[in-house]
K.L.:
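The structure is given below, and queries will be raised subsequently.
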Amino acid sequence: MENKAWIAAAGRLAAYACAVFIAAVTTVFAWRGTLFVATADAWAYVATFLARYYAGTLSLADFFAKRNSLDHSQPLQKVLLLVYARCFDLDFAFEALTGIAFGIALIAVVVAIVRADTKGQPRAKTVNALTTLGLTAVVLSLNDDGVFSWSLATLSLFYPLGIALMLAFAYRCVERDQPFLLAAGTLVACLVLDTSAILGAAAIVVLIAFRWRRLASTRSPARLIAAIGIAVVLYVAGYALAFPALQSGVTTSQRFDQFFGHAGEAWKAIVVPLGAVVAAPHRIKLLHGADAFWTWLVPAAVLIAAGHLWFWRDIVRRDHSRLAFVAAGLMLFFYATLAGIFWARVPRYGFDYFMQSRYLVFYMLQLVAMLMVAASNAARSARSSEPFAAFAASVVVLACAALVYGRHLTTPSNIDFNRMLDAEAIALAEDPAHVPSDCPINHLTLCGWVPSVRIATLDLMRREQLNVFSPRFRARHDLPPLPPSLQVPPAAR
């Protein structure tokens, strides 16, 4: 008996150690392999948001401004952008680390929910250790390194964390029949999470409706749903009043042309999100070529689809609990996100846009939800060992996959790419009026700007010593010193 206890304790320790190792590998990769040189959307934020900050004209509205109605306001990310600019030379490696911290926080929140649900159960301690390992292997997986080589995508881990907290808070309000508090929480979530909160609110409404009969005996589900609806309407109406000139980047004709003109590709909207959590399209392309996409994605999608059927079969049979509410809410949010991509992005970019690396932070939520339910079942399997064995085996597979993915990734190519972007940015800064023909415009988007805006943006970054124009930034990432023509005189600092 004592030997069994020691074996169980050693197994738990091994699970936690493996989780820490996976998290450490991903963190190191994010720090060394991310695009720490300003790239893509970062230049637009510098030219608008940071320019207003340094000019002293920044207002509260700037934190919620969008480029168009299909964009995201991202107020928290803009606050963090100010922190990076003020404290870290606008080094986007720190943005990547912040995203990792959000991912770890998501793992901690979900593990806490599982721990509370399994408290006092026969296999609770072992299940909690395995849950920690499984969630780490999913949330911080290098299955698609694109999530962690672009800091803005890494920072998007904030959204799953926010939705998990939103769902946990909503459950508390529903259980205590507090519609006013639910409305206030929903409104705050909308302000911070923008459209993601609206999708989360829709998931909560579905969950309340699903448990209508049970809730109606002691609470007022209609009032709870009305509270959510009022909060969302207030946010949407308030935003429309604050930004009346905001236009959509996609016309109705574009939507219908894409939907009906490419209806034969609509199956990608299901196969890619389901299969990508097992084998990311980017990884398949690197290892086997683009021709092998569907050879890998279709079987993976079938496997995950079976998991969805199992998940909802279990949820329907379950009693109302916080774990079931949050797990089902995360799964519904995943579905709503797919609908959002379908509506907002497919009309402009086509169905292949579902393969974008950054969407993996949302696709992985389906596995998070499944792991939550599987953990709950495994902890309660006192008489039968089958649920526990299935759960443990699944976690081991996920952990092995995460270890393999991390093993085959190296950072030298990413560092070389950063050095290339740095050289191009420096060359552009030395003669901002003329754009080199080989300028990587997808990354250095200011290459496509009008000269006056490009010159003003580069002058701002040089004057404030931001990103590649900061000596500390260059020393931190082993970049060569700035050429004399771009160095700021000591008196001007």
Side-chain angles (χ1 to χ4, degrees), residues 106 109-118 135 159-190 192-236 273 307-340 362-377:
L106 171 64
V109 168
V110 176
V111 168
I113 293 172
V114 171
R115 188 183 297 274
D117 182 81
T118 59
L135 289 171
Y159 290 106
L161 170 63
I163 293 299
L165 292 173
M166 182 183 181
L167 288 165
F169 181 80
Y171 175 78
R172 179 182 183 276
C173 293
V174 169
E175 283 299 288
R176 300 186 181 189
D177 196 22
Q178 296 174 317
F180 292 107
L181 194 59
L182 180 60
T186 303
L187 186 57
V188 170
C190 287
V192 177
L193 299 171
D194 194 39
T195 49
S196 290
I198 296 175
L199 299 180
I204 294 168
V205 168
V206 171
L207 291 172
I208 293 173
F210 178 67
R211 301 290 185 181
W212 188 284
R213 289 187 178 182
R214 182 192 178 283
L215 295 174
S217 60
T218 56
R219 305 165 189 80
S220 175
R223 285 198 307 161
L224 294 169
I225 291 176
I228 295 171
I230 290 171
V232 171
V233 169
L234 282 175
Y235 174 72
V236 173
H308 281 258
L309 294 176
W310 164 82
F311 175 84
W312 287 112
R313 178 176 175 271
D314 193 288
I315 288 292
V316 169
R317 296 180 176 185
R318 272 181 173 266
D319 292 332
H320 186 60
S321 67
R322 181 170 61 173
L323 182 140
F325 189 92
V326 174
L330 290 175
M331 190 68 87
L332 289 172
F333 175 74
F334 162 69
Y335 298 151
T337 301
L338 298 188
F362 301 105
Y363 297 167
M364 59 91 173
L365 288 177
Q366 55 191 316
L367 292 186
V368 171
M370 291 180 195
L371 280 172
M372 292 176 71
V373 172
S376 178
N377 291 342

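The chain is numbered in sequence order, starting from 1. This structure is a prediction, so every number in the text was calculated from the model and none was measured.
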K.L.:
Not counting sequence neighbours, list each pair that qualifies as a salt bridge (Lys or Arg N to Asp or Glu O under 4.0 Å) and has a residue in residues 160-173.
P.N.:
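Qualifying pairs, neighbours excluded: none.
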
K.L.:
What residues form a side-chain contact (heavy atoms from CB on, under 4.5 Å) with Ile225, not counting sequence neighbours?
P.N.:
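With neighbours one apart ignored, the set is Val205, Ile208, Trp212.
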
K.L.:
Just verifying a value: how many Å separate Asp117 CG and Leu323 CG, rounded to the nearest 0.5 Å?
P.N.:
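Spacing of CG (Asp117) from CG (Leu323) equals 4.5 Å.
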
K.L.:
Any salt bridge (Lys or Arg N to Asp or Glu O under 4.0 Å) pairs touching residues 195-210, not counting sequence neighbours?
P.N.:
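Residue pairs passing salt bridge (Lys or Arg N to Asp or Glu O under 4.0 Å), neighbours aside: none found.
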
K.L.:
Of all the heavy-atom pairs spanning Ala231 and Leu187, show the shortest one and how long it is.
P.N.:
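Looking at all heavy atoms of both residues, the shortest contact is O-CD1, 3.7 Å.
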
K.L.:
Looking only at non-hydrogen atoms, find the nearest pair between Ile163 and Ser196 and report the distance.
P.N.:
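Closest pair (atom of Ile163, atom of Ser196, distance): CD1-O, 3.4 Å.
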
K.L.:
Measuring only between side-chain heavy atoms, which start at C-beta, is Thr118 closer than 4.5 Å to Val114?
P.N.:
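When only atoms from C-beta onward are counted, Val114 and Thr118 do touch, with a gap below 4.5 Å.
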
K.L.:
Taking all non-hydrogen atoms of both residues into account, name the closest pair between Met370 and Gly307 and its distance.
P.N.:
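Result for this residue pair: CE-C, 3.5 Å.
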
K.L.:
Listing request: all side-chain hydrogen bond (donor to acceptor under 3.5 Å, both in side chains) pairs with a residue in residues 222-231, at least two apart in sequence or in separate chains.
P.N.:
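As it turns out, the side-chain hydrogen bond (donor to acceptor under 3.5 Å, both in side chains) pairs with a partner in residues 222-231, which skip direct neighbours, are Asp177-Arg223.
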
K.L.:
Can you list everything that forms a ring-ring contact (aromatic ring centres under 6.0 Å, His included) with Tyr171? Sequence neighbours excluded, please.
P.N.:
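Listed in chain order: His320, Phe325.
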
K.L.:
Output all residues satisfying side-chain contact (heavy atoms from CB on, under 4.5 Å) with Ala227, sequence neighbours left out; order by chain, then residue number.
P.N.:
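Residues passing side-chain contact (heavy atoms from CB on, under 4.5 Å) with Ala227: Pro179, Ala183.
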
K.L.:
Should Val110 and Met372 count as side-chain neighbours, where that means a heavy-atom distance under 4.5 Å?
P.N.:
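Heavy-atom side-chain distance check passes, below 4.5 Å.
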
K.L.:
Could you check if a side-chain atom of Thr337 sits within less than 4.5 angstrom of a side-chain atom of Tyr159, using non-hydrogen atoms only?
P.N.:
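With C-beta onward as the side chain, the pair stays apart.
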
K.L.:
Which residues satisfy the salt bridge (charged side-chain N to carboxylate O under 4.0 Å, His left out) test with Arg318, sequence neighbours excluded?
P.N.:
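Salt bridge (charged side-chain N to carboxylate O under 4.0 Å, His left out) check on Arg318 returns Asp314.
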
K.L.:
Show every donor-acceptor pair shorter than 3.5 Å between a side-chain atom in residues 327-335 and any protein atom, with sequence neighbours excluded, or say none if there are none.
P.N.:
| unit_1 | atom_1 | unit_2 | atom_2 | d |
| --- | --- | --- | --- | --- |
| Tyr335 | OH | His308 | ND1 | 2.7 |
| Tyr335 | OH | Trp312 | NE1 | 2.9 |

K.L.:
So, applying side-chain contact (heavy atoms from CB on, under 4.5 Å) with Val326, which one of Leu167, Leu207, Leu165, Val109 is it?
P.N.:
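Testing Val326 for a side-chain contact (heavy atoms from CB on, under 4.5 Å) against Leu167, Leu207, Leu165, Val109 leaves exactly one candidate, Leu167.
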
K.L.:
Do Tyr235 and Thr186 make a side-chain contact, defined as non-hydrogen atoms from C-beta onward lying under 4.5 Å apart?
P.N.:
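They are not in side-chain contact.
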
K.L.:
Measure the shortest side-chain to side-chain distance between Phe210 and Val316 over non-hydrogen atoms and say whether it is less than 4.5 angstrom.
P.N.:
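When only atoms from C-beta onward are counted, Val316 and Phe210 do touch, with a gap below 4.5 Å.
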
K.L.:
Where is the tightest heavy-atom contact between Ile315 and Ala324, given as atom of each residue plus distance?
P.N.:
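Reported closest heavy-atom pair: CD1-O, 3.9 Å.
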
K.L.:
Taking all non-hydrogen atoms of both residues, which atom of Phe362 and which atom of Pro160 are closest, and how far apart?
P.N.:
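Minimum heavy-atom contact is CE2-CD, 4.5 Å.
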
K.L.:
To the nearest 0.5 Å, tell me how far Ser321 OG sits from Ile113 CD1.
P.N.:
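It is 10.0 Å, given to the nearest 0.5 Å.
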
K.L.:
Mind checking what makes side-chain contact (heavy atoms from CB on, under 4.5 Å) contact with Ala197, not counting sequence neighbours?
P.N.:
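side-chain contact (heavy atoms from CB on, under 4.5 Å) list for Ala197, sorted by chain: Met166, Ala189, Cys190, Leu193.
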
